[in-house]
There are 2 protein chains.
Amino acid sequence: MSKDSRPPTLKDVAAHCGVSVISASRAMSDAPNVSKALREKVERSARIIGYRRNRIAGSLRGQATDLITVIVPSMSNHVFPNIVDGIDDALQGSQLRLVLGMTKYDDANEEAILRDMLTWNPAGIILSGLEHSDTTKELLSHFAGPIVEVMDTDGDAIDMAVGNSMSEAGELIARHLVAKGYGRIAYVGAWGERPKRSAKRRVAFETELARLNNPLVTSVILEGESSLELGATGIKQLLDRDLNIDAVFFANDDLALGALFYCQANGIHVPEDIALAGFNGIEMCQSITPRLTTIATPRYQIGRLAGELLQKKVSRAEMPDKKTFQLDLELIEGSTT
Amino acid sequence: MSKDSRPPTLKDVAAHCGVSVISASRAMSDAPNVSKALREKVERSARIIGYRRNRIAGSLRGQATDLITVIVPSMSNHVFPNIVDGIDDALQGSQLRLVLGMTKYDDANEEAILRDMLTWNPAGIILSGLEHSDTTKELLSHFAGPIVEVMDTDGDAIDMAVGNSMSEAGELIARHLVAKGYGRIAYVGAWGERPKRSAKRRVAFETELARLNNPLVTSVILEGESSLELGATGIKQLLDRDLNIDAVFFANDDLALGALFYCQANGIHVPEDIALAGFNGIEMCQSITPRLTTIATPRYQIGRLAGELLQKKVSRAEMPDKKTFQLDLELIEGSTT
DNA sequence: AAGAAAATTGACAACGTTACCAATGAAGAT
DNA sequence: ATCTTCATTGGTAACGTTGTCAATTTTCTT
């Protein structure tokens with residue numbers, strides 16, 4: 001009752017309006033050299049018998065499918081849903097569809113997902129970061145379609161890269177804290193510094209502090225995935241070290257906010273007793289009081305541009321000859337520094 | 001250089017080890033009636049020449065693909081990334097892959113995505129809510145595989161439903177507010193009450209309040225997608241009406257938090273001047289001070305269970321005969337009521 | 001050791017579409 | 001009016017895999 005015998009095929013459409021299968025095929029796609037009369041006839045028949053194109057068959061004969069493989073670490077990080085949103089918006093109107101894989105920050109997963117997805121002959125691939133395992137690189141090197149690496153632009157793109165400079169981020173915050181007069185600065189990160197992007201920020205941060213004759217006093221790298229809770233743990237551990245820290249740069253806003261809430265709950269004044277800065281510029285940090293100092297990354301825009309580039313390349317539109325698209329970071333001066 | 005002439009096919013594998021194509025096929029899949037010797041021979045050849053199975057061709061001959069269509073409104077709502085995370089975790093180990101479509105809360109988009117995705121013969125479909133347009137229902141009625149509707153359990157599932165009772169949520173909050181002694185209660189929603197789930201909560205909330213002889217005083221339905229900012233707008237509009245409201249139930253935590261921040265910034269004491277309650281239990285509302293009163297929904301669990309059910313049904317495992325899986329809601333009593 | 005049953009392997013066709021080339025018809029050039 | 005050119009349509013084959021059934025080999029039975 002719920003399932004029809006068989007969905008109608010092009011053959012059925014062709015039979016219904018008395019043309020050849022191939023003509024029906026041409027009429028249904030946007031092929032040139034099809035008379036208006038034929039196209040209308042075929043389209044009418046298709047509508048009547050409820051024909052729906054079978055992409056699987058088409059893709060078998062042709063080459064690529066219209067699937068876009070998107071590989072991100074996880075959706076629980078606020079950053080990636082925004083990227084996915086941007087990609088999806090860019091793909092509106094095209095036939096391209098998002099196929100999502102999540103690595104949980106594990107290279108082996110990235111490989112497995114990629115290997116699996118390649119069997120679908122995707123039209124393009126989006127993955128996060130510029131750092132990949134050798135196997136992943138090897139797999140990608142055999143892929144003929146466009147590849148966009150998002151988030152990070154400090155390094156060489158396989159095909160294209162859209163994102164921000166992690167070094168720039170680290171330097172921006174370093175200069176900001178020093179300019180504000182903080183002298184004993186610390187860093188708090190998490191999750192064994194996965195993804196490697198956070199380490200890039202930290203290194204640049206440290207280097208810039210040193211250059212400004214204000215070297216990093218200490219850093220705390222926590223176990224586990226970043227969360228508000230972990231941020232509280234981080235600031236606590238840091239304060240316990242009794243190093244007279246007056247400013248902290250956190251690997252991301254989640255940690256920073258967690259620390260902020262911890263301070264508020266424990267009578268530690270921000271920024272008088274200690275200044276806090278994060279990274280990402282998630283919505284939340286703009287709305288709370290005090291507003292968190294952070295660096296806003298244009299996540300939606302990154303996704304959007306990645307999607308647009310992919311779509312352009314898939315449809316063979318003219319491409320800019322840039323490979324790397326470095327978007328602007330914005331230092332948001334809140335009241336926590 | 002980057003692209004090989006043609007990826008090797010089963011034919012190449014078969015030729016390489018001197019067996020028939022069909023034997024190679026059987027050896028590569030987990031078919032029975034294949035000798036160990038043959039399987040090993042074929043697998044070795046496959047490895048040597050770098051064969052990778054072409055799912056497209058397989059799916060053409062067979063029936064369904066191993067793609068799971070997931071249709072959600074958007075990723076910018078905190079709720080859906082959690083669900084997607086849960087689904088993905090449940091699908092780990094199976095061959096199933098997530099294909100994501102976003103409707104932007106628009107029925108026409110839902111239809112278009114579904115129509116498109118059906119041409120891929122997905123193994124299963126997950127979509128959000130129980131309310132769908134007639135066209136969507138019609139499309140789904142022709143789909144032979146499992147369908148899971150997530151989020152909402154107040155109504156009839158097409159195939160299976162996993163979520164919470166929206167009515168229960170509305171009632172829980174109503175009873176909580178009344179029990180706490182609030183007498184002039186209001187409601188704030190957004191986005192023309194899309195998705196319809198929020199309207200279900202509101203109606204149950206209103207009904208329960210009436211039953212408790214404490215009818216809803218007023219409600220504000222805002223334009224635009226829920227956000228912290230919109231929550232601030234909402235509470236402001238409400239206070240401007242000068243109705244002496246002492247408690248507000250918001251359609252979700254985003255609105256409630258926005259309102260809370262607005263109150264904090266404007267010297268309005270929560271809950272003394274006005275009590276605030278939200279819905280969803282996003283991570284943030286547990287960490288801030290004061291903690292937000294809200295109803296926590298098990299979003300990850302919903303996704304996880306949906307994924308598990310789908311996977312079971314796809315692999316023809318034994319299924320529970322329940323159609324609707326209503327998970328528990330948890331009233332989190334914070335300090336805002 | 002001969003016959004029956006089971007296990008293993010192979011040949012062929014088919015899934016629905018589109019690329020390629022051939023055939024037809026119409027319009028334009030001389 | 002004849003020849004050429006272009007637009008439109010059709011026929012055939014192919015994409016890579018697997019279901020069905022037939023052929024072969026192995027194992028088991030007596």
Side-chain angles (χ1 to χ4, degrees), chain A residues 3-43 45-46 49-67 95 116 118-121 123 144, chain B residues 4-43 45-46 49-67 95 116 118-123 144:
Chain A
K3 43 192 103 169
D4 292 12
S5 50
R6 281 195 194 288
T9 71
L10 262 184
K11 209 165 141 188
D12 302 319
V13 176
H16 183 270
C17 62
V19 301
S20 71
V21 177
I22 181 66
S23 291
S25 166
R26 270 194 287 255
M28 292 302 293
S29 44
D30 50 358
N33 297 342
V34 179
S35 70
K36 215 169 161 186
L38 180 74
R39 168 160 291 138
E40 277 166 8
K41 199 161 59 169
V42 171
E43 277 174 356
S45 290
I49 67 175
Y51 167 74
R52 247 171 297 118
R53 200 157 162 191
N54 181 334
R55 319 300 212 81
I56 301 170
S59 308
L60 177 57
R61 189 64 185 86
Q63 285 291 35
T65 62
D66 43 15
L67 299 174
Q95 287 282 29
D116 184 275
L118 284 173
T119 67
W120 281 107
N121 249 326
Chain B
D4 292 12
S5 51
R6 282 194 194 288
T9 71
L10 263 185
K11 208 164 142 190
D12 301 320
V13 176
H16 184 269
C17 61
V19 300
S20 72
V21 178
I22 181 65
S23 292
S25 166
R26 271 194 286 255
M28 292 303 292
S29 43
D30 49 359
N33 297 342
V34 179
S35 70
K36 214 169 161 185
L38 180 74
R39 168 160 290 138
E40 276 166 8
K41 199 161 59 170
V42 171
E43 278 174 355
S45 289
I49 68 175
Y51 167 73
R52 247 171 297 118
R53 199 158 162 190
N54 181 333
R55 321 299 212 82
I56 301 169
S59 308
L60 178 57
R61 188 64 182 87
Q63 285 292 34
T65 61
D66 42 15
L67 300 174
Q95 288 281 29
D116 184 274
L118 284 173
T119 66
W120 282 107
N121 250 324

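Note that the structure is a prediction, hence the values are computed from the model and not measured. Order of the sequence lines fixes the chain letters, A, B, ..., with proteins taken first and strands second; residue numbering starts at 1 for each chain. Computed over heavy atoms, backbone and side chain alike; hydrogens, waters and symmetry mates excluded.
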Next on the checklist: According to salt bridge (charged side-chain N to carboxylate O under 4.0 Å, His left out), who are the partners of A:Asp116, at least two apart in sequence or on a separate chain?
Outcome noted: B:Arg55, B:Arg97

Item to check | Distance-minimising heavy-atom pair for B:Ala27 and B:Arg39 | outcome: O-NE, 3.4 Å

Checklist entry - After noting the C-alpha distance and the side-chain angles of B:Val19 and B:Lys41, does the key distance pass the side-chain contact (heavy atoms from CB on, under 4.5 Å) rule? => result CA-CA 9 Å; B:Val19 300; B:Lys41 199 161 59 170; 3.9 Å; yes

Next on the checklist: Which nucleotide wins on minimum distance to the side chain of B:Ser25, given the candidates D:dT17, C:dT17, D:dT18?
Outcome noted: D:dT18

Next on the checklist: Rounded to whole Å, how long is the line connecting atom CG of B:Asn54 with atom C1' of D:dG16?
Outcome noted: 6 Å

Checklist entry - CG of A:Asn121 versus P of C:dT17: gap in Å, rounded? => result 18 Å

Checklist entry - Can you list the residues that meet the side-chain contact (heavy atoms from CB on, under 4.5 Å) rule with B:Val21, with sequence neighbours excluded? => result B:Leu10, B:Lys11, B:Ala14

Checklist outcome for this item: Rounded to whole Å, the NZ-P distance (A:Lys11 to C:dT18) equals 15 Å

Next on the checklist: From CG of A:Leu10 over to P of C:dT18, roughly how many Å is that when rounded to an integer?
Outcome noted: 6 Å

Checklist entry - Whole-Å distance between D:dT18 P and B:Ile56 CD1? => result 13 Å

Checklist outcome for this item: Sequence neighbours excluded, the answer for side chain to side chain donor-acceptor pair (under 3.5 Å) partners of A:Asn54 is none

Checklist outcome for this item: Rounding to the nearest 10°, end axes of the helix from C:dA1-D:dT30 to C:dT30-D:dA1 built from five pairs each make an angle of 30°

Checklist outcome for this item: Separation of C:dA19 atom P from A:Met28 atom CE, nearest Å, is 15 Å

Checklist entry - Between atom CZ in A:Arg53 and atom C1' in C:dC15, what is the gap in whole Å? => result 17 Å

Checklist entry - Between A:Thr65 and A:Asn121, is there a donor-acceptor pair closer than 3.5 Å when you use the side chain of the first and the backbone of the second? => result yes

Checklist entry - Once you round it to whole Å, what is the distance between C1' of C:dG16 and CG of B:Leu118? => result 17 Å

Checklist entry - What residues, two or more places apart in sequence or in another chain, satisfy side-chain contact (heavy atoms from CB on, under 4.5 Å) together with A:Leu118? => result A:Leu114, A:Ile125, A:Leu139, A:Phe143, B:Arg52

Checklist entry - Can you name the side chain to side chain donor-acceptor pair (under 3.5 Å) partners of A:Ser20, sequence neighbours left out? => result A:Ser23

Next on the checklist: Going by side-chain contact (heavy atoms from CB on, under 4.5 Å), name the residues that satisfy it together with B:Arg53, two or more places apart in sequence or in a different chain.
Outcome noted: B:Ser29, B:Tyr51

Please write out each protein N/O paired with an N/O of nucleotides 4-12 of chain D under 3.5 Å, distance rounded to 0.1 Å.
unit_1: D:dT9; atom_1: OP1; unit_2: A:Ser35; atom_2: OG; d: 2.9
unit_1: D:dT9; atom_1: OP2; unit_2: A:Ser35; atom_2: N; d: 3.0
unit_1: D:dT9; atom_1: OP2; unit_2: A:Ser35; atom_2: OG; d: 3.2
unit_1: D:dG10; atom_1: OP2; unit_2: A:Ser20; atom_2: N; d: 3.2
unit_1: D:dG10; atom_1: OP2; unit_2: A:Ser20; atom_2: OG; d: 3.1
unit_1: D:dG10; atom_1: OP2; unit_2: A:Ser23; atom_2: OG; d: 2.5
unit_1: D:dG10; atom_1: N7; unit_2: A:Arg26; atom_2: NH2; d: 2.7
unit_1: D:dG10; atom_1: O6; unit_2: A:Arg26; atom_2: NH1; d: 3.4
unit_1: D:dG10; atom_1: O6; unit_2: A:Arg26; atom_2: NH2; d: 3.4

